[in-house]
Amino acid sequence: MAAPQGSRAPLEFGGPLGAAALLLLLPATMFHLLLVVRSGPARLLGPPPYLPGLEELWSQQALLLWLTWLGLQAALYLLPARKVAEGQELKDKSRLCYPINGFQALVLTALLVGLGVSVGLPLRALPEILLPLAFSATLTAFIFSLFLYMKALVAPVSALAPGGNSGNPIYDFFLGRELNPRIYFFDFKYFCELRPGLIGWVLINLALLVQEAELRGSPSLAMWLVNGFQLLYVGDALWHEEAVLTTMDITHDGFGFMLAFGDLAWVPFTYSLQAQFLLYHPQPLGLPMASVICLINAIGYYVFRGANSQKNTFRKNPSDPRVAGLQTISTATGRQLLVSGWWGMVRHPNYLGDLIMALAWSLPCGMSHLLPYFYLLYFTALLVHREARDERQCLQKYGLAWHEYCRRVPYRIVPYVY
Ligand SMILES: NC(=O)C1=CN([C@@H]2O[C@H](COP(=O)(O)OP(=O)(O)OC[C@H]3O[C@@H](n4cnc5c(N)ncnc54)[C@H](OP(=O)(O)O)[C@@H]3O)[C@@H](O)[C@H]2O)C=CC1
Ligand SMILES: CC(C)CCC[C@@H](C)[C@H]1CC=C2C3=C(CC[C@@]21C)[C@@]1(C)CC[C@H](O)C[C@@H]1CC3
């Protein structure tokens with residue numbers, strides 16, 4: 001039986017009060033966005049057009065569809081993988097194994113959806129049921145987080161995350177108690193982080209594109225851009241799936257409501273906001289502006305991928321010729337920190353690229369509304385907060401060497417600004 005542990009870990013997210021507020025605020029924000037986006041004024045900061053009754057949110061069909069989707073993604077996860085990767089070393093010195101077959105799941109899902117559509121699956125009907133689908137996803141996230149909380153009660157202490165075990169049930173439910181909850185080889189957190197939400201996001205985008213084509217004769221250029229950019233982002237994440245094993249979500253954070261809701265509901269239903277906006281509020285977009293936006297996305301992707309690949313290559317093999325010439329700082333742990341190349345420009349060049357892409361995803365929606373810029377605003381806040389959390393963890397890991405890195409690379413995300 002696991003005793004509450006980690007009471008010395010500093011409380012994050014505003015402690016129990018902050019966690020309780022976020023438990024309510026996050027789903028409320030998601031439903032607000034889903035309601036506002038289809039309303040005439042589409043005002044991000046105004047009140048929702050109306051408050052939906054339970055009959056509009058609850059649908060047995062939507063729940064069934066949602067569970068089928070989770071079941072399909074779980075089945076694809078269990079298929080033989082092209083590679084099995086080892087995760088980071090755990091407290092007990094062991095390493096867990098993870099199947100690398102996310103991109104395969106994306107391709108197989110595309111084939112299955114294509115097959116479904118060819119035999120009459122009404123993909124265009126998906127946008128009509130986004131509200132009950134989001135409700136089912138939220139309900140699933142709550143129930144699933146409860147299951148994870150209970151499961152952690154019988155997990156060995158060594159399986160618990162550094163945070164999320166304060167003894168306060170609301171805080172621990174929100175942050176997540178167990179680091180890598182699994183049943184046999186099925187790793188819940190790794191599965192949720194990359195599959196149902198990310199692939200669901202591009203499927204929702206595609207359904208919005210199909211419905212726009214039916215409504216207006218063909219998809220708009222703006223809709224093509226948003227679909228193309230976000231497909232590239234999701235395809236890239238699944239192609240480089242192994243990189244997620246070193247993120248703080250997998251190595252540090254427990255699996256609780258924050259990630260369960262974030263992965264299963266928040267990502268598919270709010271990250272598709274730009275495509276939803278374009279369906280209900282068509283925007284003219286000329287070729288010259290579209291070319292500029294494509295260039296911005298390409299620059300963002302170049303920085304994002306360049307930075308992530310440089311660090312991943314370096315962490316795998318510092319003598320790799322692609323990174324061997326870069327300057328480094330030695331740390332007491334035996335690991336080194338890059339201080340030239342992308343990681344010598346700012347301390348989080350990958351976040352900078354990600355933010356530039358976020359801008360490119362909103363620009364096709366024009367300048368008349370703030371709503372499609374929600375992702376950019378939320379994402380800036382998320383990354384600034386995430387950067388501060390990562391910085392704290394790195395300072396703990398690397399001590400003086402991290403101070404030296406900060407001295408040599410003074411800016412966090414945006415050169416000469418922040
Ligand atoms: N779309 C979305 O909603 C989100 C997207 N993301 C994206 O996911 C990607 C992963 O981000 P995230 O998980 O936050 O972490 P990062 O990929 O930025 O990794 C941070 C870690 O990198 C290592 N590191 C830091 N500086 C250096 C250096 N100079 N040299 C070598 N290693 C260094 C440290 O770990 P160590 O030393 O132990 O290797 C540090 O903890 C990013 O591209 C981000 O933009 C992230 C969150 C949400
Ligand atoms: C609901 C809350 C506000 C916070 C939820 C956060 C989650 C949505 C994100 C936490 C880290 C994430 C990562 C990704 C997606 C969003 C979440 C799950 C990526 C998979 C996106 C694609 C990148 O290439 C890798 C990212 C890793 C972290």
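Indexing begins at 1, ligand by ligand and atom by atom, following the structure's order.
- Remark: ligand 2 atoms within the under-4.0 Å shell around heavy atoms of Leu26 are 1 (C), 3 (C).
- Every residue two or more places apart in sequence or in another chain that forms a ring-ring contact (aromatic ring centres under 6.0 Å, His included) with Tyr77 is listed here: Phe186, Phe191.
- An N or O contact shorter than 3.5 Å is missing between Trp343 and ligand 1 by distance.
- Below 3.5 Å of separation, one finds an N or O of Asp390 facing an N or O of ligand 1.
- When the heavy atoms of Lys397, Gln393, Glu387 are ranked by distance to atom 38 (O) of ligand 1, first place goes to Lys397.
- Checking atom 15 (C) of ligand 2 against the protein gives no heavy-atom contact under 4.0 Å.
- In this structure, atom 19 (C) of ligand 2 is not in close contact with the protein, since no protein heavy atom lies within 4.0 Å of it.
- With a 4.0 Å heavy-atom cut-off, ligand 1 is reached by no atom of Trp342.
- Side-chain contact annotation: Glu242 with Tyr98, donor-acceptor N/O pair under 3.5 Å absent.
- Under the ring-ring contact (aromatic ring centres under 6.0 Å, His included) test applied with Phe144, the options Phe257, Phe188, Phe173 reduce to a single match, Phe188.
- Side-chain atoms of Trp361 and Tyr373 include no donor-acceptor pair closer than 3.5 Å.
- Of all the atoms in ligand 2, the ones that sit under 4.0 Å from a non-hydrogen atom of Ala237 are 22 (C), 24 (O).
- Under 4.0 Å from ligand 1, the heavy atoms of Leu382 that appear belong solely to its side chain.
- Here's the thing with His348: one of its N/O atoms is less than 3.5 angstrom from an N/O atom of ligand 1.
- Heavy atoms of Tyr375 come nearer than 4.0 angstrom to ligand 1 in at least one pair.
- By the salt bridge (Lys or Arg N to Asp or Glu O under 4.0 Å) test, Glu12 is found to be paired with Arg389, Arg392, residues two or more places apart in sequence or in another chain being considered.
- A centroid separation of less than 6.0 Å is found between the aromatic rings of Trp266 and Tyr378.
- Across the listed options Leu383, Val303, Asn350, Asn350 owns the non-hydrogen atom lying nearest to atom 16 (P) of ligand 1.
- Closest heavy-atom approach to atom 19 (O) of ligand 1 within the set Lys311, Arg386, Glu391: this belongs to Lys311.
- Counting atoms of ligand 1 from 1 in the listed order, those under 4.0 Å from a heavy atom of Thr247 are 13 (O).
- For atom 26 (N) of ligand 1, a protein non-hydrogen atom is found at a distance below 4.0 Å.
- There is no protein heavy atom closer than 4.0 angstrom to atom 9 (C) of ligand 2.
- Protein heavy atom closest to atom 45 (O) of ligand 1, with residue, atom name and distance, is Asp354 OD2, 2.5 Å.
- Heavy atoms of His240 stay at 4.0 angstrom or farther from ligand 2.
- Taken from CZ in Phe261 to CG in Leu26, the straight-line distance is 6.0 Å, to the nearest 0.5 Å.
- With salt bridges taken as basic N to acidic carboxylate O contacts below 4.0 Å, one links Arg305 and Asp236.
- Counting heavy atoms under 4.0 Å from ligand 1, residue Ala243 does not touch it at all.
- Counting only heavy atoms, the protein never gets under 4.0 Å from atom 25 (C) of ligand 2.
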